[in-house]
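This report refers to the structure that appears directly beneath it.
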2 protein chains.
Amino acid sequence: MKQQVTVYDIAEEAQVSVATVSRVLNGSAPVSRTTRAKIEAIMHKHQFQPNAVARSLTKRETGIIGVILPDITNPFFPEVFSGIEQEGLASGHTFFLCNTLGDYGRESHFLNLMREKRVDGILFMGGRVNLRSCDPALARELAEHARSIPLVLVNGDVKDAGLTRVATDEAAGTTLAVRHLIGLGHTRIGFLGGARHMSTTAVKVRSFRRTMKEAGLAVRDAWTIPGGFSADAGREQMNRLLSLRDLPTAVCCVNDFTAIGAIKTAAEHGLNVPSDMSVVGFDDILLARHVIPELTTVSQQAGELGRTAVRVLRELMGGAAARKLTPLEPRLIVRQSTAAPGGQGD
Amino acid sequence: MKQQVTVYDIAEEAQVSVATVSRVLNGSAPVSRTTRAKIEAIMHKHQFQPNAVARSLTKRETGIIGVILPDITNPFFPEVFSGIEQEGLASGHTFFLCNTLGDYGRESHFLNLMREKRVDGILFMGGRVNLRSCDPALARELAEHARSIPLVLVNGDVKDAGLTRVATDEAAGTTLAVRHLIGLGHTRIGFLGGARHMSTTAVKVRSFRRTMKEAGLAVRDAWTIPGGFSADAGREQMNRLLSLRDLPTAVCCVNDFTAIGAIKTAAEHGLNVPSDMSVVGFDDILLARHVIPELTTVSQQAGELGRTAVRVLRELMGGAAARKLTPLEPRLIVRQSTAAPGGQGD
DNA sequence: CTGAAAGCGCTAACAC
DNA sequence: GTGTTAGCGCTTTCAG
């Protein structure tokens, strides 16, 4: 690999000092037209690329934003990341992406790595911050890092850690979904998927119950079936549901994956979605409008979530004290997987 | 943000020189048990994190691998990236991820950015390297970068640029799909999706034709319909196909997205997949086994592709001359979207 | 086994 | 406008 040229080489060839070269590089101070031209020509000739590592060392900033998330393979996250990148690029930021697979050890590892690498800020998603009650040691570790590096939690929370957050209002989203079903005439509604120890599930289930009660409808515990977030989990949950004597006419799913799995199993049992059973998802992943039937779901506006997160992080990096919580309003997307009970509609 | 502690602080407190501190940090030279213990204690006490930026500057290596890809929102890439990360983590590497959206300008931009940031190596996917004939200037730019930074092309090629590549054998994969269809008894087979100016499409179409001819079957030009890689594109292609008087009994699709779109449109037209029309995809994205019907497809083994790419890049970074092309064998995954024509099977 | 000192490539006072 | 010089925080000879 050939040797890179430095400001010294440029300075020497242009017969000026490195300071002047640095000035034209950054426009940090006036330089005469002629010397500037000469220096620029030489830079161009050598295809000079200033060493960002050296620059970072002196400026004490790397222009890197660390992004910690559970699993880029889950289609929700690529969309968030896209938003992040789009917004971050505008301010010249660059990204260091890590998948934790929800493993707390990896989370800690990456957090430390990011400190070593001197990232300018961290966007943290998933894992411990989605827990209903996060181990105090893990919470403390996160808060500790947040004291030395601007950090924003995306769609998560850690009680009493005082962290800056941007998050979709999942309770509102769930309410939207339930009301939609009620509006179609459903009175017998279930809730599929999730895990009780995760706050995201807890929030959704709580909102589900509240909305049902507000509408004067009964909540049947047997129809609230947790068990995970994957499509396979959704299949199993629907299987369990269908083993009951008495069935609901509609279900809310914790996310689109489980919804897709649930629909599949329902179909295998000879049920027609939506006429025999309405299903609504959550997230609005890209494929939601391509499956059969097209999925009615709640959009978290993943891209917007990412963009907002970067904006908030930027405030923090700029030294401003951002508001503690920036909420994002979810939206109901009505497609084909929901209809009036008994198929009277659609 | 509080001030970070440096080797000097540690050295001072331990009453040794920074060199010694550095030695215990890296185990680069013997240090007496007692001073080592003392230093380690102090490091621990201050939660000392060596500054990776400074270290990179002296060592002339950052431990960062740049990953350039078209669109992380396309489910194929997250899986490749997962593989990359998994393999790279093992050697202590870290990742700088960029989405080009297939835009050559952005590709150039990121390539330059990566040079400035002094990444140790680059994994390049998509965009110009998938072109049937890449603009010489773009090809030259890539080759130029490859001369100063280890670079491997993943699933792409640039003629005569002499770049190191790792790639799925797409021709073999297509042959697998076509033979599967022929084996089921199909003789009237079409090919949907892709773009003629992209080499990946060209390779697949060519292999499709060859395999058909080898089996003594006719290739009908009207049944080869390009038009893109998205699910929407797949819908439109199937629409066009169904407008013909004479229909095939099966189609190969350029990827899973188009296959899913094609199936959807076929269903809307009252056709049953697979009994009226068999459909095979390509890539085996995660959702392929969750759609209805489950998709028969060709797996590129995306994760393995990523891992292999890192291994090859590592050889290059180690100064070794890796083999020019490391091929990956695709695998046929038979599921529900294919059956004998007329529905005799399945 | 340990210390002094010279970089790595760039920026930013501070002079002139 | 431009040059000199002292860092940024770490590694690495070279002595001892």
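Since the model is a prediction, treat every value here as computed from it, not as a measurement. We name chains A, B, ... by the order of the sequence lines, and we start the count at 1 in each one.
At a threshold of 4.0 angstrom between heavy atoms, the contacts of A:Val21 with the nucleic acid are absent. Looking at heavy-atom distances under 4.0 Å, B:Ser22 makes contact with a base. Within the 4.0 angstrom heavy-atom criterion, no nucleotide atom of any strand lies near A:Ser28. Residue-level contact check: B:Ser56 touches neither bases nor backbone, having no heavy atom under 4.0 Å from any strand. Within the 4.0 angstrom heavy-atom criterion, only backbone atoms of the sugar-phosphate kind lie near A:Val16; the bases stay farther away.
Remark: P of C:dG7 and CG of A:Asn51 are 18 Å apart, rounded to the nearest angstrom. Taking atom NZ of A:Lys59 as the reference point, atom P of D:dA6 lies 22 Å away to the nearest angstrom. For A:Glu12 and D:dG3, the CD to P distance is 13 Å, given to the nearest whole Å. One can place CZ of B:Arg118 at 11 Å from C1' of C:dC10, the figure rounded to the nearest angstrom. Atom pair B:Glu61:CD and D:dT12:C1' shows a separation of 14 Å (rounding to whole Å applied). Straight-line distance from the CG atom of B:Leu57 to the P atom of D:dC10: 12 Å, rounded to whole Å. In this structure, CD of A:Glu116 is placed 12 Å from C1' of D:dC10, rounded to the nearest angstrom. A straight line from CD of A:Gln4 to P of C:dG7 spans 20 Å, rounded to a whole angstrom.
For B:Tyr8, whose side chain is taken as the heavy atoms from C-beta onward, the closest listed nucleotide among C:dC10, D:dC10, C:dA4 is D:dC10. Across D:dT12, D:dT11, C:dA12, the shortest atom-to-atom separation from the side chain of B:Ala19 is found for D:dT12. Comparing D:dT11, C:dT11, C:dT2 by their nearest atom to the side chain of B:Ser32 picks out C:dT2.
In summary, of the residues considered (A:Leu25, A:Ile39, A:Asp9), a side chain to side chain contact (heavy atoms under 4.5 Å, CB included) with A:Phe48 occurs for A:Leu25 alone.
Smallest separation of non-hydrogen atoms from A:Gly83 and A:Arg307: O-CG, 3.2 Å. Between B:Leu316 and B:Pro150, the shortest heavy-atom distance links the atoms CB-CB, 3.9 Å.
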Look for any protein N or O under 3.5 Å of an N or O in nucleotides 14-16 of chain D and output each such pair with its distance, or none.
none

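One finds a side-chain N or O of A:Ser17 lying less than 4.0 angstrom from the OP1 or OP2 phosphate oxygen of D:dG3. The phosphate of C:dG9 (OP1 or OP2) has a side-chain N or O of B:Arg60 nearer than 4.0 angstrom. Proximity of B:Thr35 to the phosphate of C:dT2: a side-chain N or O atom is located under 4.0 Å from OP1 or OP2.
The pair A:Arg311-A:Glu304 meets the salt-bridge criterion, since a charged nitrogen lies less than 4.0 angstrom from a carboxylate oxygen. Contact check on B:Arg128 versus B:Asp135 returns no salt bridge, with no Lys/Arg side-chain nitrogen under 4.0 Å from an Asp/Glu carboxylate oxygen.
End-to-end axis angle of the helix from C:dC1-D:dG16 to C:dC16-D:dG1, using five pairs per end and rounding to 10°, comes to 40°.
The structure places OG of A:Ser56 at 9.5 Å from CG of B:Leu57, a figure rounded to the nearest 0.5 Å. Atoms OG1 and CZ, from A:Thr100 and A:Arg106 in turn, are 7.5 Å apart once rounded to the nearest 0.5 Å.
Take the nearest nucleotide of DNA chain D for A:Thr58 and for A:Thr20: the residue whose nucleotide is more 5' is A:Thr20.
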Decide yes or no on side chain to side chain contact (heavy atoms under 4.5 Å, CB included) for A:Glu116 and B:Asn51, but give the supporting numbers first. CA-CA 5 Å; A:Glu116 284 194 22; B:Asn51 182 327; over 6 Å; no
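At a threshold of 4.5 Å between non-hydrogen side-chain atoms, the residues A:Thr62 and A:Lys117 do not count as touching.
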